[in-house]
Amino acid sequence: MQDAINQTLRRLPTWPVYVLGLAPIPWLFWLGATGGLGPEPIKALEHRYGLLGLQFLLAGLCVSPLRRFAGINAIRFRRALGLVAFAFIAAHLAVWAVLDVQSLSRVWADIVKRPYITIGMAGFACLVPLAATSTDRAVRWLGGPRWRRLHRLTYVAVGLGAVHYVMQAKGWQIEPLVYLAVAAGLVGLRGLPPRKRLA
Amino acid sequence: MRRPVRHPGPEDVTPEAVYLSRRQLIAGAMAVGAGGRVAASTELEPNSWEDITSYNNFYEFGTGKEDPSRFAHEMTTEPWSIEIGGMVDRPGSYGFAEIMDGMPVEERIYRFRCVEAWSMVIPWNGFELRRLLDRVGVQPGAKYVAFETLYRPEEMRGTRSPVIPWPYREGLRLDEAMHPLTIMATGLYGKPMPNQNGAPIRLVVPWKYGFKSIKSIVRISLVDEEPQTSWNMIAPREYGFYSNVNPEVDHPRWSQATERRVGGGLFAGREPTLMFNGYEDEVAEMYAGMDLRANY
């Protein structure tokens, strides 16, 4: 069963992850521009992009536990998941800055003054070097161990993203807390002591 | 650009309603007092019926903006009564028809400014709250008015989780409640109030952030101490008892200096927020000498 899944995964191309993953960016934008996201499409678009970004980040974090605990190797897709997440979060930031806040000085003021925005921005800042070193060339240039160490920043980024989501909620809302718990769980799995590998 | 498909609906009656309500707005402004004027009253173009009834905060039906329009129909609004009590001469349970009997219902076009920095212009139908308070007889010691929203979990799915402590509570100082701009609204665009907008009867206080304008009211109490109000109970640093619209006092998480009119589409601009939401001339004197930064 495990082998069958792994064989299938090995044969699948990775480009559909990019195509299908990124499709909601233009699609939601089009919906927003044509009334499909309700009477206040700016906030709706901002929230949808942000949440999709967090979801793809979490999906990326599932890859190594899947291999470790279920023996399923989806590592080939992890780069695509991460880059799609980065694209959504960049789009989220762009909608916020350009369509929502609409002024560079106010964007800066918000980043400095509002803790939940500071935290979200810090999360994005963590992702920039990861996206920039996502190519094979960058991996070779950094060398495996250094590249892996750098990419542990993902854990920080996911944590900050989930906290940012919790902090923007009004009242006691369950959904952001569920995301935070899932993020904490997935990061926490990395801290488990390594098991003896089965021969 | 928006909503390419439009079925004939209530929004198609807008022009006449707008025309009529403009005249009544002027009447309302005159009622405010000699020399009083409703700021920029001439240029208020109401939002569409669809904007007003599909983009709502009414957490009793869910925290999403579209949740109230999807689920508020599950609320029964007939029969309806308001329990009026506390420091009044004639306490009791007042049925909706009894309350409306002989009440002069006017149309008032008001700006509506949400604390979340979006805004609309809404043509309400309603009567001045002071008329109801006069009818029940406010006793001399009363200083505040407390309000409560219906809490009926079987019909209000949002209340099945503890997003906020139910029932929703709001309050006004007595002079605010007696102000002629403060109305109990029972309709929109000349139609009965849709459930998602607070059917059958809600408060509208146009110079305060929208959450003060409590919906679907079932209890009104005259009291001598500042009542507890829901958002203030949840996050006192973010939501004060007064919550007057004030572009100079930011919400801790966002600026209140500007706002976005709902309905402008994906490329809508922002507009400066007006002091007391544009009703400064009418209401500022109630807060004379008060530190509005401390009493946010």
Side-chain angles (χ1 to χ4, degrees), chain A residues 25-49 51 91 94-120 163-178, chain B residues 1-6 47-57 59 62-67 69 114-120 158 160-166 168 211 230-231 233-235 238-239 250-255 257-271:
Chain A
I25 291 182
W27 170 241
L28 289 170
F29 193 89
W30 167 254
L31 280 183
T34 54
L37 294 182
E40 224 293 53
I42 298 174
K43 278 286 176 206
L45 194 63
E46 193 176 304
H47 294 166
R48 300 281 283 273
Y49 283 166
L51 191 57
V95 170
W96 171 69
V98 178
L99 297 180
D100 189 353
V101 180
Q102 301 181 353
S103 135
L104 267 185
S105 64
R106 283 200 302 258
V107 162
W108 181 244
D110 272 355
I111 291 172
V112 177
K113 244 170 97 175
R114 324 249 173 233
Y116 90 99
I117 293 177
T118 315
I119 285 172
V163 168
H164 166 77
Y165 184 34
V166 169
M167 285 178 78
Q168 60 77 50
K170 281 172 71 193
W172 200 89
Q173 294 191 33
I174 191 83
E175 202 180 316
L177 293 170
V178 169
Chain B
M1 197 113 165
R2 302 168 36 243
R3 290 193 297 276
V5 182
R6 276 184 28 150
N47 279 78
S48 70
W49 171 269
E50 197 183 328
D51 287 349
I52 299 170
T53 60
S54 68
Y55 192 79
N56 308 97
N57 276 327
Y59 279 19
T63 54
K65 294 287 185 286
E66 71 294 344
D67 288 338
S69 61
C114 180
V115 73
E116 296 166 343
W118 54 265
S119 65
M120 295 194 193
R160 294 171 207 163
S161 59
V163 183
I164 64 172
W166 313 108
Y168 190 73
F211 67 88
S230 290
W231 284 106
M233 291 160 70
I234 300 157
E238 299 191 349
Y239 311 99
D250 283 351
H251 185 282
R253 284 183 278 163
W254 55 85
S255 162
T258 63
E259 66 199 51
R260 185 163 50 238
R261 262 295 283 282
V262 168
L266 199 47
F267 307 102
R270 300 188 77 95
E271 306 167 11

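Numbers restart at 1 for each chain; the letters A, B, ... are given by sequence-line order, proteins then strands.
Nearest heavy-atom pair, B:Phe267 versus A:Leu99, reported as atom, atom and distance to 0.1 Å: CD2-CD2, 3.7 Å. Shortest non-hydrogen contact noted between A:Pro39 and B:Tyr55 is CG-CB, 3.6 Å.
Neither the backbone nor the side chain of B:Phe211 comes within less than 4.5 Å of any heavy atom of chain A. If you measure heavy-atom distances from A:Val101 to chain B, the contacts under 4.5 Å come from the backbone alone. With a 4.5 Å cut-off on non-hydrogen atoms, B:Thr63 touches chain A through its side chain but not through its backbone. Looking at A:Ala44, neither its backbone nor its side chain comes within 4.5 Å of chain B, counting heavy atoms on both sides. For A:Leu37, no part sits under 4.5 Å from any heavy atom of chain B, backbone or side chain. With a 4.5 angstrom heavy-atom cutoff, B:Ser230 does not touch chain A via any of its atoms.
Note that OG of B:Ser119 is 9.5 Å distant from CD of A:Glu40, once rounded to the nearest 0.5 Å. The line from OH of A:Tyr116 to CH2 of B:Trp254 is 7.0 Å long, rounded to the nearest 0.5 Å.
Side-chain N or O atoms of B:Arg253 include none that pairs as donor or acceptor with a backbone N or O of A:Pro115 at under 3.5 Å.
Between A:Gln102 and B:Thr258 there is no side-chain heavy-atom pair separated by less than 4.5 Å.
Shown here are the salt bridge (Lys or Arg N to Asp or Glu O under 4.0 Å) partners of A:Asp110, two or more places apart in sequence or in another chain: A:Arg114. In this view, B:Glu271 satisfies the salt bridge (Lys or Arg N to Asp or Glu O under 4.0 Å) rule with no residue, not counting sequence neighbours.
Counting heavy-atom pairs under 4.5 Å between each of B:Met120, B:Glu238, B:Lys65, B:Arg260 and chain A puts B:Arg260 at the top.
B:Arg261 CZ: more than 12 foreign heavy atoms inside a 6.0 Å radius.
Ion pairing of A:Lys170 with B:Glu116 is present here, as a side-chain N (NZ or NE/NH1/NH2) and a carboxylate O approach within less than 4.0 Å.
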